[in-house]
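One structure is given below, encoded as structure tokens.
Just so you know, these numbers use all the heavy atoms, side chains as well, and skip hydrogens, waters and symmetry mates. We name chains A, B, ... by the order of the sequence lines, and we start the count at 1 in each one.
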Amino acid sequence: MPPNSLAHPEFLPDPDRSREEMESLQRELAAEATFADELGFAPDDVAIDEAADLSEGLPPAADETAAASSADPDAPVVVGIDQAFRSERDEAVSAAVAIRDGTVVEYAHAVTPLSIPYVPGLLAFREGEPMLAALANLSVTPDLLVCDGSGRIHYRQAGLATHVGVIRDLPSVGVAKSLLCGEPDEPVEKRPEGWRTPIRAADSVTTAEPGTVIGHAYQSRQYPNSRRVNPLYVSPGHRVSAGTTVDLVAALCAGYKLPEPTRLADAHADRVKRRLGEND
DNA sequence: GCGACAG
DNA sequence: ATCTTGTCGC
């Protein structure tokens, strides 16, 4: 099965499709997803210990030909994907940043017209195509995708990360800043850095037995006193278990709330959007 | 009928 | 997501 979006045209956006049809497609897609570890590497293998300094712009992509880098050439490639929007033109600017052994090895992006409005639960039909377009412009092969949004934490266990992971048949995890559905085992307020608790399926998750662990709340960053930071809501996209997903995200965080791949993709998307705005 | 709802 | 300055605290 060729790892490209053409293998699953039915999951691409179509303005004429009804909500019921899209929900049906999501149940089919979720049935193809694997929520068990099929990675080929461990969380430690992708750990990032030093956050990039974005105060003076994004770090340059490491020059592969100049073997002056101390980075491990055999380490897994983690790709962070995020989007920015040109609301006035109804276009999405999606960015993909490939990182290997803590170093950026490639930046890619794509500008895609949006055909579907944002509807909670159907986000993948709006943003999935742009994300796949940015991924297609990457020359390196990803070993893991880090998406901005939910994966298994979804009404039909078919969030954005699952949608993209299944279409490309690549391991993927979803990192969301707020909870779409499901219930945390414990209250998430004011938790120390590193804290985590399972998110279990409730009645709103129609395709899972209530109580099934579909993801975790993870406190990636916290301040000693005063101001509080909300936790991240991480969940498996494809080919990863819920437990390994938290470990992967924990390994990819380097001092900021968001994991480095997402943080850099976010900055790259904004940079591309800004450059586009200067001209047309 | 009302509330909830990734980006 | 996006519209946006200052501001509180490490």
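For A:F85, there are no ring-ring contact (aromatic ring centres under 6.0 Å, His included) partners, not counting sequence neighbours.
Atom CD in A:E88 sits about 16 Å away from atom P in C:dA1, given to the nearest Å. At whole-Å resolution of the value, CZ in A:R89 and C1' in C:dA1 are 18 Å apart. Straight-line distance from the CZ atom of A:R86 to the P atom of C:dC3: 13 Å, rounded to whole Å. One interatomic measurement links the two molecules: NZ of A:K273 to C1' of C:dC3, which rounds to 10 Å at whole-angstrom precision.
The ring-ring contact (aromatic ring centres under 6.0 Å, His included) pairs that include a residue from residues 124-155 of chain A are A:F125-A:H163, where partners are two or more places apart or lie in different chains.
Within 6.0 Å of CD on A:E183 lie no more than 12 heavy atoms contributed by other residues, nucleotides or ligands.
No side-chain heavy atom of A:P13 sits less than 4.5 Å from a side-chain heavy atom of A:R126. For the pair A:H238/A:L170, no side-chain contact is recorded, criterion being any heavy-atom separation below 4.5 Å from C-beta on.
With hydrogens and angles disregarded, a donor-acceptor distance shorter than 3.5 Å links the side chain of A:Q219 to the backbone of A:V229. Formation of a donor-acceptor pair under 3.5 Å by the A:T34 side chain with backbone atoms of A:R239 is not found in this model.
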Structure string for DNA chain C in dot-bracket form, Watson-Crick and G-U at under 3.5 Å, | interchain:
..........
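In this structure, the separation between CG on A:L58 and CZ on A:R263 is 9.0 Å, given to the nearest 0.5 Å.
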Set out, line by line, the N/O atom pairs under 3.5 Å between protein and nucleotides 4-7 of chain B.
residue : atom : partner : partner atom : Å
B:dC5   : O2   : A:Y155  : OH           : 3.3
B:dA6   : OP2  : A:Y118  : OH           : 2.5
B:dA6   : N7   : A:G121  : N            : 3.1
B:dA6   : N6   : A:G121  : O            : 3.1
B:dA6   : N6   : A:L122  : N            : 3.4
B:dA6   : N6   : A:L123  : N            : 3.2
B:dA6   : N6   : A:H154  : NE2          : 3.3
B:dA6   : N1   : A:L160  : N            : 3.2
B:dA6   : N3   : A:S150  : N            : 3.1
B:dG7   : OP1  : A:K177  : N            : 2.8
B:dG7   : OP2  : A:S178  : OG           : 3.4
B:dG7   : O3'  : A:D148  : OD2          : 2.9

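Counting only Watson-Crick or G-U wobble pairs whose defining distances are both under 3.5 Å, DNA chain B contains no stem of 3 or more consecutive pairs.
Here the closest non-hydrogen pair linking A:V77 and A:A98 is CG1-CB, 4.0 Å. The shortest non-hydrogen separation linking A:L39 to A:P171 is CD2-CB, 3.9 Å.
In summary, the side chains of A:R156 and A:Q26 do present a donor paired with an acceptor at a separation below 3.5 Å, with no hydrogens or angles considered.
Scanning residues 90-97 of chain A for heavy-atom distances under 4.0 Å to DNA chain C yields an empty list.
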Test log, rule side chain to side chain contact (heavy atoms under 4.5 Å, CB included), inputs A:L160 and A:D148
CA-CA 8 Å; A:L160 189 58; A:D148 62 314; 4.3 Å; yes
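For the pair A:R228 and A:Y223, the cation-pi criterion (under 6.0 Å, within 45° of the ring axis) is not fulfilled.
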